[in-house]
Asker: 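Take this structure first; my questions come after.
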Number of protein chains: 2
Amino acid sequence: MKNENETFTIGKLAERAGVNVETVRFYERKGLIQKPQNSIGYRKYPNSDAAKIKFIKKTQELGFTLKEAKELLELRVNKAAKCSSVKNKTDLKIKEVAEKINDLQKIKNTLIKLSESCSNKDVSVTECPIIESFEEIK
Amino acid sequence: MKNENETFTIGKLAERAGVNVETVRFYERKGLIQKPQNSIGYRKYPNSDAAKIKFIKKTQELGFTLKEAKELLELRVNKAAKCSSVKNKTDLKIKEVAEKINDLQKIKNTLIKLSESCSNKDVSVTECPIIESFEEIK
DNA sequence: CTTTACTCCGTACCATTGTACGGGGTTTAT
DNA sequence: ATAAACCCCGTACAATGGTACGGAGTAAAG
């Protein structure tokens, strides 16, 4: 209960999150992280913002846009948000995520087959094996 | 063995792949699909190019860049490519994909917990539950 | 109390991933 | 054989997600 309330200047925050200072300002402009109003002069960020930024970076690697990352970050239950509405949005996101997992699994399976065919001597000469990932199995 | 060799003009291809004609030309410039040299005048695309474009679109949704999509499409064994090199690259990609799946699974689990806490009456008031997805469990 | 490092803000610039435009040529249907 | 529809190419424009710049203020360290 001491480190929990530690705050950071923009430079420290950026360093902890592994991004550029300008990126933090950019995310702030876009409403992904809140501009801390407490301090006149320099901004003081809560330590949770570092995790938030890391989360944003992860979601980008996973094919979400900043807008979608924002939606994910805003999924939470509080007095202002009706539970049912949050649940609906959350369940939609779960579906989206499950689909991504599914698609990645297909790609992974195809890659594994390719890798195996590579190990064996029976060399595949398919023009482009990977595009078969999303073709129906006839 | 008839439809297999069917070819398409750029307009038909774009329609089948669900993209803009300009997007096809763009991918061609970027080397993601090959400019069919066979035809003087209008380009004639093999039917496999539609699947290729759909694959590219999928990979983008999954957080790959066009450059990475190209790398995936180029993973194949043929006389020009040494098996060992293909296997190495493929195994690297498999790791990448597995990591993505892993991260998505974490997000999904967090979302499911959120959804459940939403159903119950014991309402969570976490400021931003989702960022916990990537925090170590202490 | 001065230097050094950091922050503020606005604005300009950049890469990626397309989209649109427009003057011309080609194909197809009538 | 003429119109409608389509394609060619080069180039310009646009949205997203940053990055860089530069003059001015602020904080911290010696």
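Letters go in sequence order (proteins before strands), and every chain restarts at 1. If you're wondering where the values come from, they're calculated on a predicted model, not measured in any experiment.
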Asker: Tell me, please, whether Phe64(A) has Lys100(A) positioned over its six-membered ring: NZ or CZ under 6.0 Å from the ring centre and within 45 degrees of its axis?
Answerer: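 Geometry flag: set, cation within 6.0 Å and 45°.
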Asker: Could you check how far CD1 of Ile56(A) sits from P of dT16(D), rounded to whole Å?
Answerer: 16 Å
Asker: Would you kindly give the OH-to-C1' distance between Tyr27(B) and dT19(C), to the nearest whole Å?
Answerer: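 About 12 Å, once rounded to whole Å.
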Asker: Reading DNA chain C from 5' onward, which residue's closest nucleotide shows up sooner: Glu22(B) or Leu66(B)?
Answerer: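 Counting from the 5' end, the first nearest nucleotide belongs to Leu66(B).
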Asker: I want to check one thing: is the phosphate of dA15(C), taken as OP1 and OP2, less than 4.0 Å away from some side-chain N or O of Lys30(B)?
Answerer: no
Asker: Let me see the working for Leu114(B) and Ile130(B) under side-chain contact (heavy atoms from CB on, under 4.5 Å), right down to the final yes or no.
Answerer: CA-CA 8 Å; Leu114(B) 174 61; Ile130(B) 200 79; 5.8 Å; no
Asker: Find the distance Leu13(B):CG to dC7(D):P and express it as a whole number of Å.
Answerer: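 Interatomic distance, CG of Leu13(B) to P of dC7(D): 10 Å.
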Asker: Whole angstrom is fine here: how far is it from CD1 in Ile53(B) over to C1' in dG18(C)?
Answerer: 13 Å
Asker: Does dG18(D) have OP1 or OP2 sitting under 4.0 Å from an N or O in the side chain of Gln60(A)?
Answerer: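 For Gln60(A), the contact criterion (side-chain N or O under 4.0 Å from OP1 or OP2 of dG18(D)) is met.
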Asker: May I ask you to say whether Glu28(A) pairs ionically with Arg43(A), meaning some side-chain N is under 4.0 Å from a carboxylate O?
Answerer: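 Salt bridge present between Glu28(A) and Arg43(A).
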Asker: Donor-acceptor pair under 3.5 Å: do we get one between Arg25(A)'s side chain and the base of dG18(D)?
Answerer: no
Asker: Closest-nucleotide mapping onto DNA chain D: is Arg29(A) or Lys12(B) further toward the 5' terminus? I mean the 5' end.
Answerer: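 Going by which nucleotide is closer to the 5' end, it is Lys12(B).
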Asker: Of the options dC21(D), dC8(D), dG17(D), whose atoms approach the side-chain atoms of Ile10(B) most closely?
Answerer: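 Between dC21(D), dC8(D), dG17(D), the one nearest the side chain of Ile10(B) would be dC8(D).
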Asker: Rounded to the Å, how far apart are Phe26(A) CZ and dC14(C) C1'?
Answerer: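 For the pair Phe26(A) CZ and dC14(C) C1', the rounded distance is 13 Å.
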Asker: Mark yes or no: Lys54(A) above the aromatic ring of Phe134(B), with NZ or CZ under 6.0 Å from the six-membered ring centre and no more than 45 degrees from the axis.
Answerer: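 Here Lys54(A) fails the 6.0 Å and 45° test against Phe134(B).
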Asker: Return no unless some side-chain N or O of Thr9(A) is found under 4.0 Å from OP1 or OP2 of dC6(C).
Answerer: no
Asker: Closer than 4.0 Å, any side-chain N/O of Lys57(B) to the OP1 or OP2 of dG18(C)?
Answerer: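 For Lys57(B), the contact criterion (side-chain N or O under 4.0 Å from OP1 or OP2 of dG18(C)) is met.
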Asker: Just how far, in rounded Å, is C1' of dT17(C) from CD of Glu68(B)?
Answerer: 14 Å
Asker: Indicate whether OP1 or OP2 belonging to dA20(C) is found under 4.0 Å from a side-chain N or O atom of Asn20(B).
Answerer: yes
Asker: Rounded to the nearest Å, what distance is computed from the NZ atom of residue Lys70(B) to the P atom of nucleotide dT17(C)?
Answerer: 12 Å
Asker: Think Tyr42(A) has a side-chain N or O under 4.0 angstrom from the OP1 or OP2 of dG25(D)?
Answerer: no
Asker: Would one find a side-chain N or O of Arg43(B) under 4.0 angstrom from OP1 or OP2 of dC8(D)?
Answerer: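 Looking at the OP1 and OP2 atoms of dC8(D), one of them is under 4.0 Å from a side-chain N or O of Arg43(B).
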Asker: OP1 or OP2 of dT19(C) less than 4.0 angstrom from a side-chain nitrogen or oxygen of Thr23(B), does that happen here?
Answerer: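 Answer yes for this pair, as a side-chain N or O of Thr23(B) is under 4.0 Å from OP1 or OP2.
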Asker: Could you check Glu71(A), Glu74(A), Glu99(A) and say which one makes a salt bridge (Lys or Arg N to Asp or Glu O under 4.0 Å) with Lys93(A)?
Answerer: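 The option that passes is Glu71(A).
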